[in-house]
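Because the structure is predicted, anything quoted here is derived from the model rather than measured. Below, read A as the first sequence line, B as the second, and so on, with proteins coming before strands; counting in each chain starts at 1.
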Number of protein chains: 2
Amino acid sequence: MGVLHDAMTPKRSVPPRSTRQRQAVLSALHARGAFTSARDLHEALEADGVAIGLTTVYRALHVLNRTGRVDVIREKTGERLYRPRPEDGHRHYLVCRACGLSKVVEADAVERWAENVAEATGFAEVEHTVELTGVCGDCRVGPAARDSAG
Amino acid sequence: MGVLHDAMTPKRSVPPRSTRQRQAVLSALHARGAFTSARDLHEALEADGVAIGLTTVYRALHVLNRTGRVDVIREKTGERLYRPRPEDGHRHYLVCRACGLSKVVEADAVERWAENVAEATGFAEVEHTVELTGVCGDCRVGPAARDSAG
DNA sequence: GACCTTACGATAATGATTATCGTTTGCGAT
DNA sequence: ATCGCAAACGATAATCATTATCGTAAGGTC
Ligand SMILES: [Zn+2]
Ligand SMILES: [Zn+2]
Ligand SMILES: [Zn+2]
Ligand SMILES: [Zn+2]
């Protein structure tokens, strides 16, 4: 699966502050390997004894997305799922519909294609969303033993 | 922008019935060139004197999507937008963020890429979503004179 | 420590989509 | 034409992720 490719991030005169909550969200996100929803993240945090409001989790995820620290995908239902971005530049993912396992996939071909389309059509500020889903090897055998692990 | 690629449509023993409402939805969809939301479609229909429930519009769009008559994309907000499918096989679209204008784009490169990824990773039943957005030539000059025309 | 601004968070609101469920209707069979 | 029944309809309520509010708390700088 892929990424909601963020367009021009309007420059922020003041950098985001470093707060306990924001660090906790990013850390909790790293603790999970797989794509996670805001609500799941919130539950996990509270379960770990971290006091944090759901609103704040959403806000933190927005910031992290704007600053390029996390990638976002959308489920069929429309729910947003987050995952820390491996390195610099955005990525695309292939996600198992049964267990949530996600793999980063090579997508240079898509990047080039998107650029070409932009040129050919005369559209400006072209963004792309590319997502792949499927059923992973494990799940083809014994469907979804795990939960949302990845 | 692209398509929520529908996986295996489970075979339907009984074919969908032909109803006044379903025909009206498809026809209204063709009347508009651009991607349209279920609600907008419903309003347009009622404005045309077609008595139809919103629920039915949603149902009709589901059916039309299942049977491959319409393509679906998602806005940033998550709202689903529908457009009649040009011909056979699914398509991908480039949509203007300012005015809604949509163009079908050539995406063979993406199709091949998706197939290759599927093979390489050993995932089964791989589906893809590919969406492009940008700002069209007209809108670069005078931003969004029109509405949601396309 | 004072100050200003950003961030928090409990709570309410939003809004698209889906579920309910009694009524209507397409349509194949009689 | 009419019967019968599953499919379709539609008014209404429910769902549920996300966003808006707004008073309070706390970074960060001088
Ligand atoms: Zn799996
Ligand atoms: Zn990309
Ligand atoms: Zn435009
Ligand atoms: Zn495709």
Quiz item: Mind checking whether His92(B) and His128(A) have ring centres under 6.0 Å apart?
Solution: no

Quiz item: Hey, is the side chain of Thr55(B) pairing donor to acceptor with the base of dT12(D) inside 3.5 Å?
Solution: yes

Quiz item: Under 4.0 Å between a side-chain N or O of Gln21(B) and OP1 or OP2 of dT25(C)?
Solution: no

Practice problem: Kindly indicate whether the side chain of Arg20(A) and the base of dG27(D) share any N or O donor-acceptor pair separated by less than 3.5 Å? | Solution: no

Practice problem: May I have the distance from Tyr58(B) (atom OH) to dA16(C) (atom P), rounded to whole angstrom? | Solution: 7 Å

Quiz prompt | Whole angstrom value for the distance that separates P of dT19(D) from NZ of Lys76(B) | solution = 12 Å

Quiz item: Thr56(B) side chain N/O closer than 4.0 Å to the phosphate oxygens (OP1, OP2) of dG10(D)?
Solution: yes

Self-check item: Distance below 4.0 Å between Thr19(B) side-chain N/O and dC9(D) OP1 or OP2
Solution: yes

Practice problem: Spell out yes or no: do the side chain of Arg59(B) and the base of dA8(D) have one donor N/O and one acceptor N/O closer than 3.5 Å? | Solution: no

Exercise. Whole angstrom is fine here: how far is it from CD in Glu75(A) over to P in dT17(C)?
Key: 16 Å

Quiz item: Are Lys76(A) and Glu127(B) close enough that some pair of their side-chain heavy atoms sits under 4.5 Å apart?
Solution: yes

Practice problem: Please state how far atom CD in Glu46(B) lies from atom C1' in dG10(D), giving the value in whole angstrom units. | Solution: 11 Å

Quiz item: Side-chain N or O of Arg22(B) less than 4.0 angstrom from OP1 or OP2 on dT25(C)?
Solution: no

Quiz item: Do side-chain atoms of Arg20(A) reach the backbone of Ala51(A) as a donor and acceptor pair under 3.5 angstrom?
Solution: yes

Quiz item: If you pin Arg17(A) and Ala60(A) to their nearest nucleotides in DNA chain C, which one's is more 5'?
Solution: Arg17(A)

Quiz item: Hey, is the side chain of Arg80(B) pairing donor to acceptor with the base of dT17(C) inside 3.5 Å?
Solution: no

Exercise. Send over the distance from Asp40(B) CG to dG15(C) C1', rounded to a whole Å.
Key: 13 Å

Self-check item: Between P of dG15(C) and CG of Leu54(B), the distance in whole Å
Solution: 15 Å

Quiz item: Would you say dA17(D) has OP1 or OP2 under 4.0 Å from some side-chain N or O of Arg39(A)?
Solution: yes

Quiz prompt | Short side-chain N/O contact to dT18(C) OP1/OP2 from His62(B), under 4.0 Å | solution = yes

Quiz item: Among Leu41(A), Thr19(A), Val25(A), which residue meets the side-chain contact (heavy atoms from CB on, under 4.5 Å) test with Ile52(A)?
Solution: Val25(A)

Practice problem: Answer with base, sugar-phosphate or nothing: what part of the nucleic acid does Ser18(B) contact at a heavy-atom distance below 4.0 Å? | Solution: sugar-phosphate

Exercise. Would you check if there is a donor-acceptor pair between the side chains of Arg80(A) and Ser37(A) at a distance under 3.5 Å?
Key: no

Practice problem: Give one of base, sugar-phosphate or nothing for His42(B), where a contact means two heavy atoms less than 4.0 Å apart. | Solution: nothing

Exercise. Provide, to the nearest angstrom, the distance between the CD atom belonging to Glu43(A) and the P atom belonging to dC16(D).
Key: 13 Å

Quiz prompt | Main-chain N/O of Glu131(B) paired with Thr133(B) side-chain donor or acceptor, under 3.5 Å | solution = no

Exercise. For Leu61(A) and dA7(C), give me the distance from atom CG to atom P, rounded to whole Å.
Key: 14 Å

